[in-house]
Structure formats: C-alpha cells, structure tokens
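Have a look at the structure below before the remarks.
We use all heavy atoms of the structure for the numbers below, so side chains are in, but hydrogens, waters and symmetry mates are not. Residue numbers begin at 1 in each chain, while the letters A, B, ... track the order of the sequences.
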2 protein chains.
Amino acid sequence: MSTNATALPKTARGAATRARIIDAATELVRAHGVANTTIDAVIEASNVSKSQIYHYFSDKDDLVLAVIHRQAECVLGTHEELLRKLNSLAGLRRWRDAVVELTRQTNCAGGCPLGSLAAELSETPRTRAALAASFACWASCFGMAFARMQTRAGKRPSGDLRELSEAMLASLQGGLLLAQTMRSTRPLELALDMAIEHVAARLKL
Amino acid sequence: MSTNATALPKTARGAATRARIIDAATELVRAHGVANTTIDAVIEASNVSKSQIYHYFSDKDDLVLAVIHRQAECVLGTHEELLRKLNSLAGLRRWRDAVVELTRQTNCAGGCPLGSLAAELSETPRTRAALAASFACWASCFGMAFARMQTRAGKRPSGDLRELSEAMLASLQGGLLLAQTMRSTRPLELALDMAIEHVAARLKL
DNA sequence: AAGTAACTGGACTAAATAGTCCAATTTTTG
DNA sequence: CAAAAATTGGACTATTTAGTCCAGTTACTT
C-alpha cells in the first residue's frame, strides 16, 4: 500500500531504461489519455520487457505519477525557455504568438498536455497534488516575468502578481481547451489577448 | 457502421426508461469520466437490464453521445436560467458569484461537466463535434446577454460580441479547471473578474 | 382479447488488461 | 574475475468488460 517496493536504477544504463519507459508512456498518455494507455503499449513503444516496467514502477499509478512529472518538465521547460528573458509587453505578445503558432501547427489537437492530465486526474489525491504543484510552478514563471516587466518599466513591484499569473494561466488553459474542441486557434487568441490587456492594465504598462 | 440499429421508444414508458438510462449514465460519467464508467454500473444505477440498454443504444459510444447531449442540456439549462434576464454589469457579477458559490459548494471537485467531457473526448470526431456545438451554443448565450447589456445602456450593438463570449467561456473553463486541480475557487474568481472587466471595457459600460 | 412494445435475467463469448513469477542471460562495475 | 544490477521473455492468473442471444414475462393500447 504505502510502501513503494520500486527499485531505483543504480547504473547509468538502468537510469536510461527507466527514462525510456517514462518517455514512451508520456507520449502515449499525451496522445490517448491515461485510461486509454495500456502497459502493453508502453512495453512495445519503449522496447522493454514487462519485468523491467514492474522493476522500476510498483504499478500503473506509480508510472502515471512519473509521467505527470515528466510532462510538467516538458511543458514548463518549453514555457520557461520562452518566458525566461521576457521583460516587456512586446515580449509577452511574442510568447502569445509562439503559443498560438504551436497550437496551429498541431491543428489544435491534443490541447495542453498538463491540462488534459489535470482534467483526467484531478479527482485522485496523489495525482491531483502533483498537478496542482505543476500549475503553481507554471504560474510562478509568469509571476517572475511580470516582475521583470515592472522592474524594467521602473515601477516598484505590486503585490498581486500571483493573482495576475493565475488569471493568465486560466486563460491559457481555457483557450487551449476551447481551441482543441472547436479546432480553431481563435478562442485561444482571444483569451490570451484579453489576459495580456489585463496584465498591461494592472501593471500600468 | 453507419447504420444505427437503435430503437427509439414508442411509448411513454419506453421514453422514461431511456431517459433513466441516460440520467444514470450522465451522473456516473460526471463523477468518474467516460473511460471509468462501465455499462454494468449504468445497469445497476438505472435499474434496467442489459438488454434494454442495447435496445435503446447501439453501443457504448452511442450512449456517450446521448450523455453529452444530456449534460449540455443540464449545464446550458442552468446557465441560461442565470443569464436569461441578465442585462447589466451588476447582473453579470451576480452570475459570477453564483458560479463561484456553486463551485465552492462542491469543494471545487468535478470541474465543469462539459469541460471534463471535452478534455476526454475532443480527439474523437463525433463526440468532439457534439461538444463544439455545445460550447458554441453556450457562447451564444453570453452573446445575447451582452447584447442586452448594450441595448439597455443605449449603445448600438458592436460586432465582436461573439469574440467577447468566447473569451468569457475560455476564462470560465480555465478557471474551473484550475479550481478543480488546486481545490480553491480563487483562480476561478480571478479569471471571471478579469473577463468581466474586459467585457465592461469593450462594451464601454 | 389480442397484439405490440417493454422488460427481465441469465448464460455466454471474446478480448483486453494489470499484475505475478521465474529461470536464464547479458551488462556493468568494483 | 566476481559480484551486482539489468534485462529478457514467456507462461500464467484473475478480473473486467463490451457485446450477443434468447426464452419467457409483464404492461399497455386498441
């Protein structure tokens, strides 16, 4: 139950295999959702034997948790890359354009990998907690960018950056969900433009 | 394949049974998602024999489609009720308060029933289309309310009401998703307040 | 009363799936 | 080299699940 009999890899090779399993599972989950991803499919996609999967993970839930962390790494990695040097409204608009462009390139399919996981797993305590932490981290990326924008414009930081960040993240998630369902980037564009205007107004930029 | 061998009920009793099946399935799907709702569970919850389910629905997908329509009826019914007489910013804020209060009453669990369905079923053509239509209808409810707000304030209707509506719906969906994951109504409140400010600004109210 | 639709209930199939167990082999590392 | 770790692969279990089939029963309608 609570004890996790899972082995951690003790060699570089083992770590690579474990990572290969997680990568394959992450991709399958992104494409089909957790419930429609079978262990057998992960085995085939990662070229690993079933024994190895149950060597590194105690059960499917354990693997799913690793998938959440991996997906969070990917998504936050991408956005942190885009947001890191951002310190102006123009930069924020370039981030918006990049997100819209990425969405367009996939025909709006899939939505946000983290958002989809959240919708599927937010009623399960452990997975919900992991996803909430990821969202909090994501929001804090925005918050840091907003702080830089203020600093650059010579304002002293005001206190509601976290709230601004959550509104921005909500717009992004809602926009991506509607884009996915309606197969159009327009809802995403509208939601992000609204959020950017809101940020500009609150930050008085 | 394309031909749907499903019988339509020909008596009031039959219609009631079919409705009972859909109601039970809708509730189970809302609580556990489509993938985690089994036909056997629907049978138990609706007090109906398996034969009847396959009498009225050709397969599980067919039932799921009916569930989508039913859930759309419920959600749109609730919101139409709240939005119908709405013709002012104050009314929009009351709607916001009602949504937040409903979310708080369920401890932020579940999220938006339609949003959850969208996240799970937006990669399947038929279900995606049904959900997209529901969202479009929902957005048009907002659009009509915004038009009344403009009329009441003596403005002539401007052309981007549909865009405003999509931004509002995106905020709502994103806010509900974050609320569900973070178990706090705050992201929802922030997202809706942002959207309301945006509407007020665009409508010059 | 007769016909039609609704309904039951259970037996049944076929497939998918998570997870276990183990014996043998290969690779890495100290 | 020798020990430890990684890996294979398959057999195996137990359960769940969608969906079929059918024979008999109940209720409604005209």
Side-chain angles (χ1 to χ4, degrees), chain A residues 1-26 28-29 31-67 120-121 124 126-127, chain B residues 1-26 28-29 31-67 120-121 124 126-127:
Chain A
M1 280 286 180
S2 60
T3 50
N4 202 336
T6 303
L8 283 183
K10 299 184 177 176
T11 70
R13 191 187 174 210
T17 298
R18 186 170 186 276
R20 194 150 32 96
I21 294 169
I22 295 174
D23 284 349
T26 301
L28 287 168
V29 164
H32 311 297
V34 171
N36 295 313
T37 297
T38 67
I39 300 289
D40 286 344
V42 174
I43 290 169
E44 193 173 11
S46 60
N47 268 308
V48 146
S49 68
K50 182 173 278 198
S51 318
Q52 282 308 95
I53 294 204
Y54 285 98
H55 179 62
Y56 289 120
F57 305 94
S58 60
D59 55 18
K60 194 182 174 183
D61 286 349
D62 195 25
L63 175 56
V64 166
L65 215 54
V67 164
E120 190 173 0
L121 304 174
T124 308
R126 295 186 66 191
T127 47
Chain B
M1 281 284 179
S2 61
T3 51
N4 201 335
T6 304
L8 284 182
K10 299 184 176 175
T11 70
R13 192 189 174 205
T17 298
R18 186 170 186 273
R20 192 150 32 95
I21 295 169
I22 296 174
D23 284 349
T26 301
L28 287 167
V29 165
H32 312 298
V34 171
N36 294 314
T37 297
T38 68
I39 299 290
D40 285 344
V42 174
I43 288 169
E44 195 173 11
S46 60
N47 266 308
V48 146
S49 68
K50 183 174 276 196
S51 319
Q52 282 308 95
I53 294 204
Y54 285 99
H55 179 62
Y56 289 120
F57 305 95
S58 59
D59 55 19
K60 192 183 177 183
D61 285 348
D62 195 25
L63 176 56
V64 166
L65 215 54
V67 165
E120 189 173 2
L121 303 174
T124 308
R126 294 186 66 190
T127 46

Looking at [X], does any N or O in its side chain come under 4.0 Å of the phosphate oxygens OP1/OP2 on [N]?
{"X": "A:Tyr54", "N": "C:dC21", "answer": "no"}
{"X": "A:Thr38", "N": "C:dA16", "answer": "no"}
{"X": "A:His55", "N": "D:dT7", "answer": "no"}
{"X": "A:Gln52", "N": "D:dT7", "answer": "yes"}

Value in whole Å for how far the [atom2] atom of [N] lies from [atom1] of [X]:
{"X": "B:Tyr56", "N": "D:dG19", "atom1": "OH", "atom2": "C1'", "result": "19 Å"}
{"X": "B:Asp59", "N": "D:dC21", "atom1": "CG", "atom2": "P", "result": "14 Å"}
{"X": "B:Ile53", "N": "D:dC21", "atom1": "CD1", "atom2": "C1'", "result": "16 Å"}
{"X": "B:Ile43", "N": "D:dT16", "atom1": "CD1", "atom2": "P", "result": "15 Å"}
{"X": "A:Lys60", "N": "C:dT20", "atom1": "NZ", "atom2": "C1'", "result": "18 Å"}
{"X": "A:Asn47", "N": "D:dG9", "atom1": "CG", "atom2": "C1'", "result": "13 Å"}

*Between A:Leu8, A:Leu63, A:Asp62, A:Thr17, which is the residue that forms a side-chain contact (heavy atoms from CB on, under 4.5 Å) with A:Tyr56?*
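Only one of A:Leu8, A:Leu63, A:Asp62, A:Thr17 forms a side-chain contact (heavy atoms from CB on, under 4.5 Å) with A:Tyr56, namely A:Thr17.
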Nearest-0.5 Å distance that lies between atom [atom1] in [X] and atom [atom2] in [Y]:
{"X": "A:Ser46", "Y": "A:Asp23", "atom1": "OG", "atom2": "CG", "value": "9.5 Å"}
{"X": "B:Ser58", "Y": "B:Ile53", "atom1": "OG", "atom2": "CD1", "value": "12.5 Å"}
{"X": "A:Ile21", "Y": "A:His55", "atom1": "CD1", "atom2": "NE2", "value": "9.5 Å"}

_Heavy-atom pair of closest approach, residues A:Thr127 and A:Leu121_ =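 For A:Thr127 versus A:Leu121, the nearest heavy atoms are OG1-O, 3.0 Å.
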*Provide the closest heavy-atom pair for B:Thr37 versus B:Lys60 in the form atom of the first, atom of the second, distance.*
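Heavy-atom minimum between the residues: O-NZ, 2.9 Å.
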*Side-chain contact, heavy-atom cut-off 4.5 Å: A:Val29 with A:Thr26?*
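Side chain of A:Val29 against side chain of A:Thr26, heavy atoms only: no contact under 4.5 Å found.
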*Tell me, do B:Phe57 and B:Leu65 make a side-chain contact under 4.5 Å, heavy atoms counted?*
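No. Closest side-chain heavy atoms not under 4.5 Å.
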Just checking [X]: base, sugar-phosphate only, or nothing, at a heavy-atom cut-off of under 4.0 Å?
{"X": "A:Thr11", "result": "sugar-phosphate"}
{"X": "B:Ser49", "result": "base"}
{"X": "A:Asp61", "result": "nothing"}
{"X": "A:Asn36", "result": "nothing"}

*Can you pull out how bent the helix from C:dA1-D:dT30 to C:dG30-D:dC1 is, comparing the axes over its first five and last five pairs, to 10°?*
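End-to-end axis angle: 30°.
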*Could you pick out which residue, A:Lys10 or A:Asp40, lies toward the 5' side of DNA chain C when each is mapped onto its nearest nucleotide?*
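The answer here is A:Asp40.
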*In terms of the nearest nucleotide of DNA chain D, which residue is placed more toward the 5' end: A:Arg20 or B:Arg13?*
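Closer to the 5' end of DNA chain D: A:Arg20.
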*B:Ser51 side chain, from C-beta outward: closest of C:dA6, C:dT8, D:dA6*: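 Selected nucleotide: C:dT8.
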_Minimum-distance nucleotide (side-chain atoms of B:Lys50 versus D:dG19, D:dT8, C:dA6)_ =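 My answer, after comparing the listed nucleotides, is D:dG19.
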